Every structure is written in C-alpha cells, then in structure tokens.
Asker: 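One structure is given below, represented as structure tokens, and several questions about it will come after.
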Amino acid sequence: MIKAFIFDIDGTLIDSNAAHAETWKIALEKYGKNVTFDEMKKLIGMGGDKILEKYLTEEENKDFGKDLEDFRGKLFRKEYLPNIKPFPKVRELFEKILKDDKQIALATSAEEEDIEKYKEIADIKDLINKETSSDDVENSKPDPDIFEAAFAKLKDVSKNEVLIIGDTIYDAKSAVKCGLKIIGVTSGGWSAEKLSSEGCFKVYQDVAGIIDRYDEIKKLI
C-alpha cells in the first residue's frame, strides 16, 4: 500500500515546460548556440547544468555558463512565469491524498524562490511542508539525487511504499536509479510509450486522470 507520493512540478503540476524550452533557446542563442525549440523541449526535465554541458565546451561553461543560466532564469521569471497556469485538479488531488493520511513531497531542483511561486500557481502552498530544491542535491536529473532527497524527508516509509508522479523520461530514469516506482503523465509532452519504456509502470494524461483511479493506484505496489 502506498504511504507517500513524491511529485515533480514542471510539466506535472504546472504547464511550464514550453516556457522553459523557449527561454533556454533564447539564452543559448544569445551566447552563440543555435538550437530549435523542439530540440530544447526534449531536454526539459534534465538539470540545467547538464543542458549547459551538452551545448558548451568545458572552457565556455567556465567562462559564461553561469551568466547564461542566470540570464535564462531572469528571463523566465520576468516574461514567462506570470503567465504559467496549473494543470487541472492539482489541489483536488493533493487534498484527496492528505485526507487519506498519505504524505506528499515535492521533488524539484528549482531554486527556492521559484518553488514558492510554483506552489502558489498550483494552489497547494498550504498543503505542502516537504520539498527539495537545488540546495539539497549535488547532481540533477536524470541522476537519482533529487528523488533520494525527497524520500529522505518522508517519515516512516520504505521505498516500496512510495510512488513518484512525473512527466519526463528524466523523472523515470531518476526514479529507476533510486529504486522508486513512478507513474508518468503525458502533460509534459512525452508520449505514453516513451515514458513506459523508461520505467513508468502506469501513464495517464495528467494528474487529473489520477483522481478517479486513486483507490486503485494506491494499492498498485
């Protein structure tokens, strides 16, 4: 029986993946790296440090990697974040889980200031007291650190009593590496087939699709 749920945020609780892809594209182009939106969209969910390693040489990363990432973050917060919307029924699902006496943790390598805004957008600020941020981990997804950090904040549960909800193959790969079960949602842009192939044992359209199947899902493990 499931005793705790760990949720990814971007693409899972809020519809932000396209905005992240667009701001990465703009930032990389500003520093002379031409990329397409579709190319970037497939990398969202991977840690920003790993995106930089993919496009910059070691010397470039040292010279202007931090400036590039800072520029992207400021652009996202100023021009895109105010327009980000939550996916349907996020609060309803969280209330259902808490009413069932299950724990909830958020697992994201976003910065703390962004997490607070994300919780506000999803209308779950008063429902969460366990979360991870970039300060809690050394390595970003698809390394397992972020989910390991979230799991460590749960109380009195074993790994076989925890279920992750995420939207990208990087969530799936991270979950598999740390020995946690994961359900995928296609709201972030990845197909059900691809999510399943990377380790998701169930896939739904979005978190709203989990509500009607909640009693079934919590008994899956």
Side-chain angles (χ1 to χ4, degrees), residues 1-14 45-47 87 89-110 112 115 118-119 122 124-188 190 192 194-221:
M1 180 73 75
I2 301 299
K3 293 184 178 179
F5 291 81
I6 296 175
F7 285 85
D8 170 59
I9 300 180
D10 289 298
T12 302
L13 304 182
I14 61 174
M46 178 187 291
F87 287 112
K89 299 186 177 181
V90 172
R91 183 176 179 87
E92 183 178 338
L93 176 59
F94 276 44
E95 288 177 333
K96 188 176 186 71
I97 292 171
L98 294 177
K99 187 176 180 180
D100 195 30
D101 292 325
K102 311 299 183 187
Q103 298 178 65
I104 299 175
L106 301 181
T108 176
S109 54
E112 190 64 39
I115 296 173
Y118 292 166
K119 290 192 294 185
I124 56 172
K125 200 167 185 178
D126 59 319
L127 305 179
I128 296 296
N129 57 21
K130 301 178 183 72
E131 62 196 43
T132 61
S133 71
S134 56
D135 293 334
D136 296 313
V137 298
E138 182 175 349
N139 301 301
S140 60
K141 297 174 189 174
D143 287 321
D145 301 34
I146 196 68
F147 289 138
E148 290 282 9
F151 173 75
K153 295 191 176 186
L154 300 171
K155 295 182 179 179
D156 301 320
V157 296
S158 60
K159 284 191 173 181
N160 62 2
E161 296 171 324
V162 177
L163 186 60
I164 293 173
I165 313 294
D167 69 296
T168 72
I169 62 170
Y170 311 110
D171 293 318
K173 289 179 177 180
S174 179
V176 169
K177 287 177 181 177
C178 63
L180 292 167
K181 296 291 186 181
I182 181 168
I183 282 181
V185 287
T186 59
S187 49
W190 288 93
K194 189 62 177 176
L195 291 170
S196 296
S197 72
E198 295 292 350
C200 295
F201 71 97
K202 290 280 185 179
V203 180
Y204 300 103
Q205 180 176 343
D206 53 28
V207 292
I210 295 174
I211 294 177
D212 293 338
R213 302 171 181 86
Y214 175 75
D215 289 335
E216 169 194 346
I217 288 170
K218 71 179 183 180
K219 298 176 183 177
L220 286 175
I221 300 177

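Reckoned from all heavy atoms, side chains included, excluding hydrogens, waters and symmetry mates. Note that the structure is a prediction, hence the values are computed from the model and not measured. Numbering starts at 1 and runs along the sequence shown.
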Asker: Heavy atoms, side chains only, cut-off 4.5 Å: are L98 and I104 in contact?
Answerer: yes
Asker: Would you check if the side chain of K202 reaches a backbone N or O of G184 as a donor-acceptor pair within less than 3.5 Å?
Answerer: no
Asker: Closest approach of F147 and D171, non-hydrogen atoms and distance?
Answerer: CE1-O, 3.4 Å
Asker: Please check this pair: side chain of D145 against backbone of N139, looking for a donor-acceptor N/O pair closer than 3.5 Å.
Answerer: yes
Asker: Could you pull out every donor-acceptor pair under 3.5 Å between side chains of residues 4-11 and any protein atom, sequence neighbours left out?
Answerer:
{"unit_1": "D8", "atom_1": "OD1", "unit_2": "K141", "atom_2": "NZ", "d": "3.0"}
{"unit_1": "D8", "atom_1": "OD2", "unit_2": "T12", "atom_2": "OG1", "d": "2.8"}
{"unit_1": "D10", "atom_1": "OD1", "unit_2": "S16", "atom_2": "OG", "d": "2.5"}
{"unit_1": "D10", "atom_1": "OD1", "unit_2": "H20", "atom_2": "NE2", "d": "3.0"}

Asker: Quick one: side-chain hydrogen bond (donor to acceptor under 3.5 Å, both in side chains) partners of E148, sequence neighbours excluded?
Answerer: K159
Asker: If you count every heavy atom of other residues, nucleotides or ligands that lies below 6.0 Å from Q205 atom CD, does the total exceed 12?
Answerer: no
Asker: Output the distance between atom OH (Y214) and atom NZ (K96), rounded to the nearest 0.5 Å.
Answerer: 7.5 Å
Asker: Yes or no on side chain to side chain contact (heavy atoms under 4.5 Å, CB included) for M1 and K102, after CA distance, side-chain angles and deciding distance?
Answerer: CA-CA 10 Å; M1 180 73 75; K102 311 299 183 187; 3.9 Å; yes
Asker: What are the two closest non-hydrogen atoms of D206 and V185, and how far apart are they?
Answerer: C-CG1, 3.7 Å
Asker: Check L127 against F94 and note the closest heavy-atom contact, atom names and distance.
Answerer: CD1-CB, 3.7 Å
Asker: Any side-chain heavy atom of Y118 within less than 4.5 Å of one from L106?
Answerer: no
Asker: On a heavy-atom basis, which atom in D167 and which in W190 lie closest, and how many Å separate them?
Answerer: O-CD1, 3.5 Å
Asker: Output, in order, the C-alpha distance, side-chain angles, deciding distance and verdict of side chain to side chain contact (heavy atoms under 4.5 Å, CB included) for I2 and V162.
Answerer: CA-CA 6 Å; I2 301 299; V162 177; over 6 Å; no
Asker: Do R91 and D126 meet the salt-bridge criterion of a basic N to acidic O distance under 4.0 Å?
Answerer: yes
Asker: Quick one: which of I169, L195, T186 gives a side chain to side chain contact (heavy atoms under 4.5 Å, CB included) with C200?
Answerer: L195
Asker: Would you say I217 and L163 make side-chain contact, with heavy atoms under 4.5 Å?
Answerer: yes
Asker: For A175 and I164, work out which heavy atoms get closest and say how close.
Answerer: CB-CD1, 3.7 Å
Asker: Would you say that I182 contacts F201 through its side chain, given a criterion of any heavy-atom pair below 4.5 Å between the two side chains?
Answerer: no
Asker: Can you check whether A192's main-chain N or O pairs, donor with acceptor, with S196's side chain at less than 3.5 Å?
Answerer: yes
Asker: So does A149 get a backbone contact from the side chain of T132, meaning a donor-acceptor N/O pair under 3.5 Å?
Answerer: no
Asker: Answer yes or no: is there a side-chain heavy-atom contact under 4.5 Å between E131 and I128?
Answerer: yes
Asker: Looking only at heavy atoms, what is the nearest atom pair of I211 and K89, with distance?
Answerer: CD1-CB, 3.5 Å
Asker: Before giving the answer on side chain to side chain contact (heavy atoms under 4.5 Å, CB included), spell out for D143 and S174 the whole-Å C-alpha distance, their side-chain angles and the decisive distance to 0.1 Å.
Answerer: CA-CA 5 Å; D143 287 321; S174 179; over 6 Å; no
Asker: In Å and rounded to the nearest 0.5 Å, what is the OG1 to NZ distance from T108 to K119?
Answerer: 11.5 Å
Asker: When you measure from the side chain of E95 to the backbone of E92, do you find a donor-acceptor pair of N or O atoms at a distance under 3.5 Å?
Answerer: no
Asker: E112: which residues meet the side-chain hydrogen bond (donor to acceptor under 3.5 Å, both in side chains) condition with it, sequence neighbours left out?
Answerer: none
Asker: Can a donor-acceptor pair be found, under 3.5 Å and without considering hydrogens, that links the side chain of Q103 to the backbone of K155?
Answerer: yes
Asker: Quick one: do E198 and K194 make a salt bridge, cutoff under 4.0 Å?
Answerer: yes
Asker: Decide yes or no for V203 and I183: does some side-chain heavy atom of the first lie under 4.5 Å from some side-chain heavy atom of the second?
Answerer: no
